[in-house]
Amino acid sequence: MLSASVKSSNQVFTVPIQWIPKEFHFENFINIWKKVPLTMFFKNTIFLSVVITLIQLLTSSFAAYGFSKAQFKGRDVLFLAYIGTIAVPWQVYMIPQFIMMKGLGLTDNLWALILMQAFNCFGVFLMRQYYMSIPDELCESARIDGLSEWGIYWKIILPLTKPAIASLTIITFVNTWNDYMGPFIYLNSTENKTIQLGLRMFVSQFDAEYSLIMAASVVSIIPVAVVFLSMQKYFVEGIATSGMKG
């Protein structure tokens, strides 16, 4: 993909393949912004990815705290029932979700995707597994000192869970950034489309411009690569200590 992005279109399929082209066409990375409104697609995708990631971090971490550190009747049964919904494929409730969003008047609206992805069972599971490794004595001591449950969660638990938060951040951000079916179903107007729909539009309009398609693909993965590389250390630590290794 990197090699093809700096070639001319008629050089992409030359045989034998030239991994390092004789002539570099870096203007491909300039021309792609003139073909389709990539800037607008990037803004929409960044907005969705950042907002959904922040909301999931809040909801998942707070729910995980309740399932791991709070004591109430039926906690483990409720947790198993909640996590069991992971086994339900999205295609099963895709149509009811669409009907619900249509009834709320949120079709062709970015907030429909945000509302549907505000809660994540996998995120709750990941955070809870990490929280279980934190001694309960810390929470008990804080309660004896008069700290509220919110204070325990905010001042004690969250500062100790940076690796798990980094792991969930990467997973959520990448999944949202790469999501195609959700935006494809709910977003119709060009001004609301995400980068994945924009790439599909680019391919349909310029199906013979293979070098430009590859250049657009390279640009589309840069934010994901930056997020992953910046949090790679915490990501590995978070997965290794959350009961998910192996």
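Below, each value reflects all heavy atoms present in this structure, side chains not excepted, and no hydrogens, waters or symmetry copies. Count residues from 1 along the sequence.
Of all heavy-atom pairs between Cys121 and Ile86, the closest is CB-CG1, 3.4 Å. Heavy atoms only, all atoms of each residue included: Trp154 and Pro159 are closest at O-CD, 3.5 Å. Nearest heavy-atom pair, Lys193 versus Leu187, reported as atom, atom and distance to 0.1 Å: CA-CD1, 4.4 Å. Annotation for Ser3 and Gln18: closest pair OG-O, 3.4 Å, computed over non-hydrogen atoms. Taking all atoms of both residues into account, the shortest heavy-atom contact from Ile152 to Ala142 is CG1-CB, 3.7 Å. Between Phe42 and Pro223, the shortest heavy-atom distance links the atoms CE2-CG, 4.0 Å.
In this structure, the side chains of Phe41 and Thr190 come closer than 4.5 Å at one or more pairs of heavy atoms. At a threshold of 4.5 Å between non-hydrogen side-chain atoms, the residues Glu23 and Val6 do not count as touching. A heavy-atom distance below 4.5 Å is not found between the side chains of Phe184 and Asp179. In this structure the side chain of Leu160 never reaches within 4.5 angstrom of the side chain of Tyr130, judged on heavy atoms. Phe202 is listed as a side-chain neighbour of Leu212, based on a closest heavy-atom distance under 4.5 Å. Contact of the Tyr82 side chain with the Phe125 side chain is not registered, since no non-hydrogen atoms from C-beta on lie closer than 4.5 Å. Contact of the Ile144 side chain with the Ser141 side chain is not registered, since no non-hydrogen atoms from C-beta on lie closer than 4.5 Å. The shortest side-chain heavy-atom distance between Ser167 and Leu126 falls under the 4.5 Å cut-off.
With ring centers used as reference points, Trp150 lies under 6.0 Å from Phe62.
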Please list every donor-acceptor pair under 3.5 Å in which a side-chain atom of residues 93-117 meets a protein atom from a residue at least two apart or in another chain.
{"from": "Gln97", "atom 1": "OE1", "to": "Trp90", "atom 2": "NE1", "distance (Å)": "3.2"}
{"from": "Asp108", "atom 1": "OD1", "to": "Asn188", "atom 2": "N", "distance (Å)": "2.9"}
{"from": "Asp108", "atom 1": "OD1", "to": "Ser189", "atom 2": "N", "distance (Å)": "3.1"}
{"from": "Asp108", "atom 1": "OD1", "to": "Ser189", "atom 2": "OG", "distance (Å)": "3.1"}
{"from": "Asp108", "atom 1": "OD1", "to": "Asn192", "atom 2": "ND2", "distance (Å)": "3.3"}
{"from": "Asp108", "atom 1": "OD2", "to": "Ser189", "atom 2": "OG", "distance (Å)": "3.0"}
{"from": "Asn109", "atom 1": "OD1", "to": "Trp111", "atom 2": "N", "distance (Å)": "2.9"}

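One finds the CG atom of Leu38 at 5.0 Å from the CD1 atom of Ile195 (value rounded to the nearest 0.5 Å).
Contacts classified as salt bridge (charged side-chain N to carboxylate O under 4.0 Å, His left out) and involving residues 24-51 (residues at least two apart or in different chains) are not found. Residues in residues 51-72 take part in these side chain to side chain donor-acceptor pair (under 3.5 Å) pairs, two or more places apart or across chains: Gln56-Asn120, Gln56-Thr172, Ser61-Tyr153, Tyr65-Glu149, Lys69-Asp136.
In the hydrophobic clustering, Tyr210 connects to Val12, Phe13, either directly or through intervening members, whenever side-chain heavy atoms lie under 4.5 Å apart. Cluster partners of Trp19, by chain and number: Ile17. The rule joins Ile, Leu, Val, Met, Phe, Trp and Tyr whenever side-chain heavy atoms lie under 4.5 Å apart.
Checked against side-chain hydrogen bond (donor to acceptor under 3.5 Å, both in side chains), Ser9 has the following partners two or more places apart in sequence or in another chain: Glu209, Ser211.
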